[in-house]
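In what follows, a structure is listed as structure tokens, so that the remarks can point back to it.
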There are 2 protein chains.
Amino acid sequence: MPPKPKTKLAREQFRTLIIDNARDLFVSKGVEAVTMREIAKRIGYSATSIYLHFADKEALLRAICDTDFLKLATTLKEILSIPDPIQRLIAFGEGYAKFALAFPNHYRLMFMTPHLPYNAECSGLQQNNAEQDAYFQLKTVVQDVYEAGGFKTDLHDADLIAQTVWAGMHGVCALQIIMAEDDWVQWRPIDVRLTMMQQLLLSGLLKEKYE
Amino acid sequence: MPPKPKTKLAREQFRTLIIDNARDLFVSKGVEAVTMREIAKRIGYSATSIYLHFADKEALLRAICDTDFLKLATTLKEILSIPDPIQRLIAFGEGYAKFALAFPNHYRLMFMTPHLPYNAECSGLQQNNAEQDAYFQLKTVVQDVYEAGGFKTDLHDADLIAQTVWAGMHGVCALQIIMAEDDWVQWRPIDVRLTMMQQLLLSGLLKEKYE
DNA sequence: AACGAAAATTAACAGTGTTAACTTAACGGT
DNA sequence: ACCGTTAAGTTAACACTGTTAATTTTCGTT
């Protein structure tokens, strides 16, 4: 009932109020099961007022993902200070998996749910920024190992290595998130599967003396 | 307009008619974007007639997944006839990825979309059946390599190896399906990523003389 | 020919995301 | 102190969704 011309800051606060509450609901009930009206009721506004800040439900979802991508990059950033490049790579993989399994529903939104491709203008996240881009962080860590001479001599494509390491860790986490409850497969403990994957990848990538 | 008391066979035919058309639509437009009315119109019936054969949309989806799991197992079965166990393992991974990328939306339904855990009664699929259970097939292939002495001497858990190989291939395919269009990452070609993953896994698993 | 049951249909319901039309409140200029 | 202008927020409404209830159509059997 009380419309006030809001300052830039108040607008931003309302935006994050929507984002935070929408995320809570999405994460606990799944995206499709949550209605705009439900989100609105939770913050004491009308459903249509959300549309004053987000074009549609998809845009809201993307905004949530954006903040979560940032959160992931922030979480992983401290790992970059580990001095030894190989230890850094190992810890990076562990940190990534830890994030995925600690926030499985965030992770599902970020990496397992189809949405419109990244759009530089409407995102707010900066690509190739070590503070905001977790893939860039990974690529840097891989590059460091390469420059330290850690990889086998026939490996030269840091992007390819990064993408493969990522895929390996993602595969373990994604199957865990989707199929952990399913007893069609007699799953080995998740931490065992994670270290197995990591050892396999490293033993394929690193020179023998580093294994 | 013409209702006839149907024989058991005609009922089954109608069921698969629904399944096949629903799958086509799900696969080309995504599950959420397809309506029951649309499926019905496509086969020339009214929306409600679908409910005479399936409890709801979720049940229809599950039925589709069931037939797709069977299709995957059938597709992979011929690979099992390759004589050399290691070549068999390699071809199995390739065949799996080929299926995933040829039918990305089937694959998404099967392995990337959360649904109720497998239920033995309502499924119709037989676990540990080499004709119907692709995971069982993979485990068998891994077991064969193990018994042929192909793996490194400290590897003894066939389930763990199978689950890790699966996760590796799944990771590459899943990221491809979800993020191929996204230019946040400068993706290497998908076939390069797949062979890279496979080589990495194999070089970590196999004795050196087999690489 | 008439009945009963199966098969299919139409009508309707409670919700959904979203848009249009309308209200309220705060500000700037006179 | 007043009056527009404008932004913020609301309610009403639309087209559509999955799904259920009520209704019609058709057929095999008596």
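The sequence lines fix the lettering, A, B, ..., with proteins before strands; numbering per chain opens at 1.
Whole-Å rounding puts the A:Ile50 CD1 to D:dA8 C1' distance at 14 Å. The interatomic distance linking B:Lys41 (NZ) with C:dA8 (P) rounds to 19 Å, in whole Å. Rounded to whole Å, atom P of C:dA7 lies 19 Å from atom OH of B:Tyr51. One atom, CZ of B:Arg37, and another, C1' of D:dA15, lie 11 Å apart when rounded to the nearest Å. A:Gln13 places its CD atom 14 Å from the P atom of D:dA8, with the value rounded to the nearest Å. Atom CD1 of B:Ile39 is separated from atom C1' of C:dA8 by 17 Å (rounded to the nearest Å). Per the geometry, CG belonging to B:Asp56 stands 17 Å off P belonging to D:dT17, to the nearest Å. Counting to the nearest Å, the P atom of D:dT6 and the CG atom of A:Leu52 are 17 Å from each other.
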Quiz prompt | Verdict with reasoning, A:Lys139 to A:Asp133, per salt bridge (Lys or Arg N to Asp or Glu O under 4.0 Å) | solution = CA-CA 10 Å; A:Lys139 203 166 67 179; A:Asp133 180 349; over 6 Å; no
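Looking at the side chain of A:Met36, the nearest of the listed nucleotides D:dA21, C:dG17, C:dA20 is C:dG17. The side chain of B:Lys57 has D:dG18 as its nearest neighbour among D:dG9, D:dG18, C:dA7. The side chain of B:Tyr45 approaches C:dA8 more closely than any other nucleotide in the set C:dG17, D:dG9, C:dA8.
Here the options are B:Ile82, B:Asp144, B:Leu202, B:Asp84, the test is side chain to side chain contact (heavy atoms under 4.5 Å, CB included), and the partner is B:Leu89; only B:Leu202 passes.
Cation-pi geometry between B:Lys98 and B:Phe103 is not satisfied (NZ or CZ under 6.0 Å from the ring centre, within 45° of the ring normal).
Among the atoms of the strands shown, base atoms are found under 4.0 Å from some heavy atom of A:Ser46.
Applying the 4.0 Å criterion to OP1 and OP2 of C:dA7, one finds that B:Arg11 has a side-chain N or O inside that range. Put simply, A:Ser49 has a side-chain N or O that comes within less than 4.0 Å of OP1 or OP2 on D:dT10.
Checked by distance alone, A:Thr48 brings no side-chain donor or acceptor within 3.5 Å of a matching partner on the base of C:dT18.
Ring-centre distance between B:Trp166 and B:Phe111: below the 6.0 Å cut-off.
Salt bridge present: A:Arg23 and A:Asp68 bring a charged side-chain N and a carboxylate O closer than 4.0 Å.
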